[in-house]
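Positions are given from 1 along the sequence.
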Amino acid sequence: MILEIVSPEASLFKGEVTSVTLPGVDGSFQILNHHAPIVSILKAGDIKIVANAFHFGKEVADQFVKLDNNTYLLAINSGTIEMNDNKVIVLAD
C-alpha cells in the first residue's frame with residue numbers, strides 16, 4: 001500500500017509500505033495492505049512505518065528514528081488519517 005505523510009511544513013514521506021501503526025485517540029492501531037476504508041483522529045505519539053525500502057529527503061530525514069532496516073518511527077503531536085483504495089494519507093502536526 002502507499003503511505004503519504006504530510007505536515008504543514010513539508011511532505012515528510014511517500015512510498016510503498018508493508019504496515020503502519022498509528023497513535024489513535026482511543027489507542028494505537030495498525031493498518032495493513034487492503035485495509036477497509038477508515039478516517040481517524042490521531043493524538044501525540046509515534047507513527048511506526050514498516051517497509052522494504054525507505055527514501056527520505058535530506059531535509060526531513062532527521063525527524064525519523066531508525067529501529068532496524070525495515071522500521072522507522074516518526075513522532076507527531078496530533079493529526080488525521082484516511083485510508084482509501086489502498087492509500088494511507090496522514091496529515092500530521
Side-chain angles (χ1 to χ4, degrees):
M1 73 184 152
I2 300 298
L3 171 64
E4 185 173 358
I5 304 174
V6 292
S7 73
E9 295 82 26
S11 176
L12 301 175
F13 177 84
K14 184 173 184 180
E16 189 169 336
V17 300
T18 306
S19 71
V20 59
T21 304
L22 303 142
V25 293
D26 291 328
S28 291
F29 62 98
Q30 184 179 47
I31 296 178
L32 300 170
N33 206 17
H34 300 292
H35 193 284
I38 184 175
V39 174
S40 183
I41 297 171
L42 304 176
K43 66 177 184 177
D46 291 328
I47 296 175
K48 182 179 176 183
I49 306 162
V50 179
N52 291 327
F54 288 91
H55 306 286
F56 304 112
K58 291 180 182 179
E59 64 280 356
V60 298
D62 62 336
Q63 296 182 43
F64 291 85
V65 175
K66 183 177 182 178
L67 295 182
D68 60 41
N69 286 338
N70 296 330
T71 310
Y72 279 83
L73 295 179
L74 172 67
I76 63 168
N77 294 318
S78 63
T80 305
I81 182 265
E82 178 185 12
M83 167 66 167
N84 196 15
D85 293 330
N86 217 34
K87 183 175 181 179
V88 180
I89 299 173
V90 177
L91 305 175
D93 193 21

- Close side-chain approach of Ile47 to Phe13, heavy-atom, < 4.5 Å: no
- Item | Heavy-atom check, side chain of Ile31 versus side chain of Ile81, under 4.5 Å | yes
- Query: Phe29 and Ile38: which non-hydrogen atoms are nearest, and at how many Å?
  - Reply: CE1-CD1, 4.3 Å
- Query: How long is the gap from CE on Met1 to NZ on Lys87, to the nearest 0.5 Å?
  - Reply: 13.0 Å
- Message: Using every non-hydrogen atom in the two residues, find where Ser19 and Gln30 come nearest and quote the distance to one decimal.
- Response: OG-NE2, 3.4 Å
- Item | Under the side-chain hydrogen bond (donor to acceptor under 3.5 Å, both in side chains) test, residues paired with Asp85 that sit two or more places apart | none
- Is the CG atom of Asp26 crowded by more than 12 outside heavy atoms at less than 6.0 Å? no
- Interatomic spacing from CG in Leu22 to OG1 in Thr80 - rounded to 0.5 Å: 11.0 Å
- Item | Asn52 to Asn70 - nearest heavy-atom pair and separation | O-OD1, 3.9 Å
- Message: Could you check whether Tyr72 and Phe56 have their ring centres less than 6.0 Å apart?
- Response: yes
- Using links of under 4.5 Å between side-chain heavy atoms of ILVMFWY residues, direct or through other members, which residues join Ile41 in one cluster? Val25
- Task: Could you tell me which residues satisfy side-chain contact (heavy atoms from CB on, under 4.5 Å) with Ser11, sequence neighbours excluded, listed by chain and number?
- Result: Val6
- Query: What about Val17 and Ile89, same hydrophobic cluster or not, with Ile/Leu/Val/Met/Phe/Trp/Tyr joined at side-chain heavy-atom distances under 4.5 Å?
  - Reply: no
- Do you reckon Val20 sits in the same ILVMFWY cluster as Phe64, going by side-chain contacts under 4.5 Å, direct or chained? yes
- Item | Distance (rounded to the nearest 0.5 Å) between Leu42 CG and Ile76 CD1 | 4.5 Å
- Query: With sequence neighbours left out, which residue pairs that include part of residues 31-50 fulfil the side chain to side chain donor-acceptor pair (under 3.5 Å) condition?
  - Reply: Asn33-Asn86
- Message: Give me the atom names and distance for the closest heavy-atom approach of Ala92 to Pro8.
- Response: O-CD, 3.3 Å
- Query: Can you name the nearest heavy-atom pair linking Gln63 to Leu12, along with the distance?
  - Reply: OE1-CD2, 3.7 Å
- Message: If you compare all heavy atoms of Ala44 against all heavy atoms of Pro23, which two are closest, and at what distance to 0.1 Å?
- Response: O-CB, 4.2 Å
- Item | Between OG1 on residue Thr71 and CZ on residue Phe54, distance to nearest 0.5 Å | 6.5 Å
- Find the distance between CD1 (Ile5) and CG (Leu91) and round it off to the nearest 0.5 Å. 10.5 Å
- Return the set of residues passing side-chain hydrogen bond (donor to acceptor under 3.5 Å, both in side chains) with Glu9 (not counting sequence neighbours), or none when no residue passes. Ser7
- Item | Which residues share a side-chain hydrogen bond (donor to acceptor under 3.5 Å, both in side chains) with Asn69, sequence neighbours left out | Lys66
